[in-house]
Protein chains: 2
Amino acid sequence: MEHTLESCAKAKMAIRDTLDIVGGKWKLVLITVLRSGKKGFNELSREAGISPRILSKELHELEMNGLVSRNVRNTKPITVQYELTEYSQTLEEVLGAMERWGYHHRQKIIMGG
Amino acid sequence: MEHTLESCAKAKMAIRDTLDIVGGKWKLVLITVLRSGKKGFNELSREAGISPRILSKELHELEMNGLVSRNVRNTKPITVQYELTEYSQTLEEVLGAMERWGYHHRQKIIMGG
């Protein structure tokens with residue numbers, strides 16, 4: 001890969017864009033948790049270990065960016081479920097790469113390398 | 001890919017590990033900037049658009065995790081340069097995936113999709 005000023009600026013912008021959308025402590029963790037299927041709010045809060053206040057904000061942002069959909073079901077009482085959108089599948093490559101890196105990094109630390 | 005409880009917990013931990021090391025607003029941007037070669041502190045601060053106080057903290061953390069090395073050169077006045085370590089190259093896959101995703105996401109937004 002070439003590292004010209006232009007290609008670096010482009011790379012920097014693209015990486016910043018990605019971080020703006022899915023960076024931060026929780027968004028990719030939430031997406032990972034939702035990969036196993038749709039979930040209710042409390043279930044998500046418990047499985048991801050996120051406080052309700054922060055979860056609500058994070059889910060809203062994921063929804064705004066077309067990565068999660070919020071479905072209100074006409075039950076009594078009303079139930080709300082969150083699930084990944086089709087578009088969220090475009091993140092598979094990012095998630096896979098981060099998963100592999102995290103795994104190998106932990107091995108390296110454990111091996112004392 | 002299978003989504004069992006166990007594989008999901010493992011994926012979640014690995015992604016969290018990666019976010020712990022290179023998550024946040026700046027680390028991957030700094031690594032991208034350093035891909036074009038070693039740089040001094042002020043140069044990095046300018047190119048990445050990071051305040052000196054935050055840059056200093058971020059560089060220290062990258063150094064602790066073996067991703068950046070800090071080289072003091074015996075000049076007058078002393079000069080300090082930062083460069084990527086060989087280990088940082090293990091992040092190429094993560095960076096490449098994030099770069100591609102950010103690029104395509106921006107196209108999608110521009111196209112109004």
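For clarity, every value in this text was computed on a predicted model and none was experimentally measured. In what follows, chains carry the letters A, B, and so on, assigned in the order in which the sequence lines appear, proteins first and then strands, with residues in each chain numbered from 1.
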Checklist entry - Under a 4.5 Å heavy-atom cut-off, does chain A meet the side chain of Leu67(B), its backbone, both or neither? => result side chain

Next on the checklist: Please rank Glu93(A), His104(A), Lys25(A) by heavy-atom pairs under 4.5 Å with chain B and give me the top one.
Outcome noted: Glu93(A)

Next on the checklist: Is it the case that atom OH in Tyr103(A) sees more than 12 heavy atoms from other parts of the structure closer than 6.0 Å?
Outcome noted: no

Next on the checklist: Tell me whether Tyr87(A) shares a hydrophobic cluster with Met111(B), the cluster being built from Ile, Leu, Val, Met, Phe, Trp, Tyr side chains joined at under 4.5 Å.
Outcome noted: no

Checklist entry - With Glu99(A), which of Thr18(B), Ile15(B), Val94(B) fulfils side chain to side chain contact (heavy atoms under 4.5 Å, CB included)? => result Ile15(B)

Checklist outcome for this item: Counting heavy-atom pairs under 4.5 Å with chain B, the top scorer among Ala97(A), Gly23(A), Gly96(A), Gly37(A) is Ala97(A)

Item to check | Hphob cluster co-occupancy, Ile78(B) + Phe41(B), side-chain heavy atoms under 4.5 angstrom | outcome: yes

Checklist outcome for this item: Ranked by heavy-atom pairs below 4.5 Å to chain B, first place among Ile21(A), Asp20(A), Leu28(A) goes to Ile21(A)

Next on the checklist: Is there a path of hydrophobic side-chain contacts, each under 4.5 Å between heavy atoms of I/L/V/M/F/W/Y residues, joining Met64(A) to Ile54(A)?
Outcome noted: no

Checklist entry - Looking at Arg106(A) and Asp17(B), what are the two nearest heavy atoms and their distance? => result NE-OD2, 2.6 Å

Item to check | Closest heavy-atom pair and its distance - Ala11(B), Thr32(A) | outcome: CB-CG2, 4.0 Å

Checklist entry - If Ile, Leu, Val, Met, Phe, Trp and Tyr residues are connected whenever their side-chain heavy atoms lie under 4.5 Å apart, and connections chain through other members, are Met98(A) and Met13(B) in the same group? => result no

Item to check | Most chain B-contacting option - heavy-atom pairs closer than 4.5 Å, from Thr90(A), Asn65(A), Val33(A) | outcome: Thr90(A)

Checklist entry - According to a 4.5 Å side-chain heavy-atom criterion applied to Ile, Leu, Val, Met, Phe, Trp and Tyr, with indirect links allowed, do Val68(A) and Ile109(B) form part of one hydrophobic cluster? => result no

Checklist outcome for this item: Tightest non-hydrogen contact, residues Lys12(A) and Val29(B), listed as CG-CG1, 3.9 Å

